[in-house]
Visitor: 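After the structure tokens below, expect a handful of questions from me.
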Amino acid sequence: MTEEPSGQIAYRVVRLKPHGAAWFVVGPRGLLRSGLPEPTVAAARRKATGEFPDAVEVADLWPEFVRQLEDYFRGGRVTFKARLDWSRVTPFQRDVYRRLRRVPFGRTITYGALATAAGHPGAARGVGMAMKRNPFPPVVPCHRVKEAGGGLGGFSASGGIEQKKWLLAMESQSVSRH
DNA sequence: CGCGGCACGAGGC
DNA sequence: GCCTCGTGCCGCG
């Protein structure tokens, strides 16, 4: 696995035809941020450098992770393996993200059930907030979280609710293809 | 600090 | 259906 320049923050943009360009940012302690596909490479770059102005683009960063992204957006049943840097999230968010990562490909959970499973019963609304601030999509699969009443809930990544629908449809098709 | 607002949900009416 | 409140957290003053 290619390491980032010593102690520095590195990012990489991943072209994913036909979806666009995904991106991720890596620091000394692991993944700092990842992003669902943007329409263009330039937009993906802006996302990465907007949040991490000092980040340097590294063409061969984390090739194994890139392979997982490519497989996933090709419809593959991928469970992402990546070391996450938790230093920028609250303890509550860490509990929720950790638990959500164990919700498998093609399955969903409600905001309330996720709150309870993460050890914070009653905090469904807090879970919504944590999803909105998810720094690690799709590694932390926030698109798999729906409302208890059967509604989809929201989605604040740049693709909006359509992207959530699309991701869920892709996963359910992949699962039913067996 | 307090207060309002959120990708929620349960309970009361 | 409409409150109201618990929950976590943030931005604003």
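Just so we're on the same page: letters track the sequence lines, and every chain starts at 1. No hydrogens, no waters, no symmetry mates; every other heavy atom, side chains included, goes into these values. Source: prediction; values computed, not measured.
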Visitor: Regarding A/Glu171 and A/Tyr72, is there a side-chain donor-to-acceptor distance under 3.5 Å anywhere?
Guide: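 A/Glu171 vs A/Tyr72: donor-acceptor pair found between side chains.
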
Visitor: Along DNA chain B, 5' to 3', what are the outermost nucleotides having an atom less than 4.0 Å from a heavy atom of chain A?
Guide: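 Taking any atom under 4.0 Å from a heavy atom of chain A, the span is B/dC6 to B/dG9.
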
Visitor: To the nearest 0.5 Å, what is the distance between CH2 on A/Trp23 and CZ on A/Arg12?
Guide: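 One finds 15.0 Å between CH2 of A/Trp23 and CZ of A/Arg12.
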
Visitor: Based on Watson-Crick and G-U pairs with both distances under 3.5 Å, what dot-bracket line describes DNA chain B 5' to 3', crossing pairs as [ ] and inter-strand pairs as |?
Guide: ||||||.||||||

Visitor: Rounding to a whole Å, what distance do you find between A/Met131:CE and C/dG8:P?
Guide: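 For the pair A/Met131 CE and C/dG8 P, the rounded distance is 14 Å.
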
Visitor: Can you tell whether the side chains of A/Arg67 and A/Glu70 come within less than 4.0 Å, N to carboxylate O?
Guide: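 No salt bridge links A/Arg67 with A/Glu70.
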
Visitor: Answer yes if A/Met170 and A/Val78 sit in the same cluster of Ile, Leu, Val, Met, Phe, Trp and Tyr residues linked by side chain heavy atoms under 4.5 Å apart, and no otherwise.
Guide: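 A/Met170 and A/Val78: one cluster.
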
Visitor: We want to know whether A/Gln93 and A/Thr90 form a side-chain donor-acceptor pair, criterion being a heavy-atom distance below 3.5 angstrom.
Guide: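 Per modelled atom types, A/Gln93 and A/Thr90 side chains form a pair under 3.5 Å.
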
Visitor: In whole Å, what separates the C1' atom of C/dG1 from that of B/dA7?
Guide: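 Roughly 22 Å separates the two C1' atoms.
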
Visitor: Mark yes or no for whether A/Lys164, through its side chain, and A/Gly154, through its backbone, hold a donor-acceptor pair below 3.5 Å.
Guide: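 It does hold such a pair.
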
Visitor: C/dG8 C1' sits how many Å from A/Tyr97 OH, rounded?
Guide: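 Spelled out: OH on A/Tyr97 to C1' on C/dG8 is 11 Å.
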
Visitor: Rounded to the Å, how far apart are A/Lys132 NZ and C/dG11 C1'?
Guide: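 That distance rounds to 11 Å.
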
Visitor: How would you label the contact of A/Gly153 with the nucleic acid (heavy atoms, under 4.0 Å): base, sugar-phosphate, or nothing?
Guide: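 Nothing: the residue A/Gly153, judged by heavy atoms under 4.0 Å, touches no strand.
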
Visitor: So, for A/His143 and A/Trp166, is the gap between ring centers shorter than 6.0 Å?
Guide: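 A/His143 vs A/Trp166: aromatic centres not under 6.0 Å.
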
Visitor: Touch check for A/Ala123, heavy atoms < 4.0 angstrom, all strands: base, sugar-phosphate only, or nothing?
Guide: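 Sugar-phosphate contact only.
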
Visitor: Is the distance between the ring centroids of A/Phe24 and A/Phe65 less than 6.0 Å?
Guide: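 Yes, the ring centres sit under 6.0 Å apart.
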
Visitor: Report the distance from atom CG of A/Asp95 to atom C1' of C/dT7, rounded to the nearest whole Å.
Guide: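 Between C1' of C/dT7 and CG of A/Asp95: 14 Å.
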
